[in-house]
Novice: 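Below is the structure I would like to discuss, written out as structure tokens.
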Amino acid sequence: MLKTANLSYKFDDKYIFSNLSFEFANDSVFKLVGDNGSGKSTLLKILSGIYKNYEGYLSSSEDYLVFYSGHKTGLKNNLSARENIYFDIRLSKISHSQINSALKQLDLIDYSDIQSAYLSEGQKRKINIASFMLSTADLYLLDEPFNNLDRKTTDFLQEIFDMKINAGAKIIFSSHDRSNDDFPLIDMNLFN
Amino acid sequence: MIYFTKILKKEFLIYSRKSSSFIGPVVFFLISISLYPIGISNDPDILKNLAPGLIWITVLLSTLISFQNIFSEDYEDGSIELLLASGQNLSLIVLIKIFVNWVFSCLPIIILSVFSVFLLYLPLEGLKPLIISLLIGTPTICLFGALAGALSLGKNSITGPALMLPLSLPVLILGTQAINYSLNDINFSSNILLLTAILIFLLPIILFASVGALKLHFN
């Protein structure tokens, strides 16, 4: 699907990472690990098309729909959780019953009509997880999706990962956690 | 198409709940217009002569307040990143944002400018060119505001107006002149046509430039 060759990114005359050659092909999930500033978020932004001023090559074998989720939530403070999901530009036509179902599963249904400005950071992250859950994209680029989540939500997010993989999607996500799970690792420290 | 309809509805909803986006410019306009007879003169002859320029300048300054917000919130909350990642036509999205901003920040002022005619003793024959010139001129000012807003993202709040005000001068001159022509029984249609031509000519250029300016912040 996605292939990089000698991919490098420079900021203020300093390379954040360089000569990254990788093929995101055989596996369904890829985990980007590395120290702070090693370029995990930058790589995700390049893959999603936000950053274009990279050096090297980035190619894809087919057209695919991308779902990107960065550090910033993209939520509007004066819209409710329900409205933020309904108007999420990453989601194509979506029904209110689908939104209700996602909100219920994330224990957000009681807060669904409250403006996001009044929700906690954790609840805001859950709104983004609901969007991720409802998306039908082919490629998911997620920047530290497991950060600051409670145990229950972490397990639920893991279940959504499995659901997406079974549906044939690919997930590339970043994490500080180097714990031994089944995901193929891409260590960004190796390219600094 | 569903995608763009969704963005249009979302923008309308956001602006309708953000009362400062339309109340601020309206209050500023009303206060300024009511202060002119007190601060300058209450002589109808003096006010009548100054009215076209005063109204246009006040409209221009009132709308300045709202232009900073066209992209700044989207930049801060990460929405622009999502738009860039979506691969959709950004020019059309910027056009929607400018249109909604115009509806909420300029349209109420245009409607209220009818009352300024009475406060500043502008003869009634000046009302028609005032409304027409504002209806055609303010979208161009919104375009300049969007470009200034896109270029000055993350910078101090004076950068946007400093970029926008000089660009708006031709619109200000043509708009004021149209009202003055009408008061002196001169055909003002050439000014209106020029304002229309400026809008049509600048629309694609400024949309393209604004998208470029937004992308610049991520590269």
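Lettering of chains follows the sequences in order, A, B, ..., and the numbering in each one begins at 1. The figures that follow rest on heavy atoms only: side chains count, while hydrogens, waters and symmetry mates do not.
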Novice: At a heavy-atom distance under 4.5 Å, which candidate from B/Ile80, B/Asp74, B/Leu84, B/Leu82 has the highest pair count against chain A?
Specialist: B/Leu82
Novice: Taking the six-membered ring of B/Phe218 as reference, does the cationic atom of A/Lys52 (NZ for Lys, CZ for Arg) lie under 6.0 Å from its centre and within 45° of its axis?
Specialist: no
Novice: Picking from A/Tyr86, A/Phe67, A/Tyr9, which has the most non-hydrogen pairs under 4.5 angstrom with chain B?
Specialist: A/Tyr86
Novice: Tell me which of these, B/Arg17, B/Glu76, B/Lys9, B/Lys18, has more heavy-atom pairs under 4.5 Å with chain A than the rest.
Specialist: B/Arg17
Novice: Minimum heavy-atom separation for A/Gly74 to B/Ser79, with atom names?
Specialist: O-OG, 3.5 Å
Novice: For the CZ atom on B/Phe201, are there more than 12 heavy atoms of other groups (residues, nucleotides or ligands in this structure) within a distance under 6.0 Å?
Specialist: no
Novice: Relative to chain A, which segment of B/Tyr15 carries a heavy atom at a distance below 4.5 Å: side chain, backbone, both, or neither?
Specialist: neither
Novice: Picking from B/Gly78, B/Ser86, B/Gly87, which has the most non-hydrogen pairs under 4.5 angstrom with chain A?
Specialist: B/Gly78
Novice: Could you tell me the separation between the CD1 atom of B/Ile14 and the CG atom of A/Asn78, rounded to the nearest 0.5 Å?
Specialist: 6.0 Å
Novice: At what distance, to the nearest 0.5 angstrom, does CD1 of A/Ile50 lie from NE2 of B/His217?
Specialist: 15.0 Å
Novice: Ignoring hydrogens, what is the shortest heavy-atom contact between A/Leu91 and B/Lys6? Give both atom names and the distance.
Specialist: O-NZ, 2.5 Å
Novice: Supply the atom-to-atom distance B/Tyr3 OH to A/Lys93 NZ, rounded to the nearest 0.5 angstrom.
Specialist: 15.5 Å
Novice: Heavy-atom pairs under 4.5 Å with chain B are the metric here; pick the option from A/Leu141, A/Asp88, A/Val66, A/Leu47 that has the most.
Specialist: A/Asp88
Novice: Please classify the contact of A/Ile89 with chain B as side chain, backbone, both or neither, using a heavy-atom distance under 4.5 Å.
Specialist: both
Novice: Considering only heavy atoms from C-beta outward, does the side chain of A/Leu79 approach that of B/Lys10 to under 4.5 Å?
Specialist: yes
Novice: Return the OH to CG distance between A/Tyr68 and B/Leu83, rounded to the nearest 0.5 Å.
Specialist: 13.0 Å
Novice: Pick out which of A/Lys45, A/His71, A/Lys72 makes a side-chain hydrogen bond (donor to acceptor under 3.5 Å, both in side chains) with B/Glu81.
Specialist: A/Lys45
Novice: Donor-acceptor pair, B/Asp77 side chain versus A/Lys76 backbone, under 3.5 Å?
Specialist: no
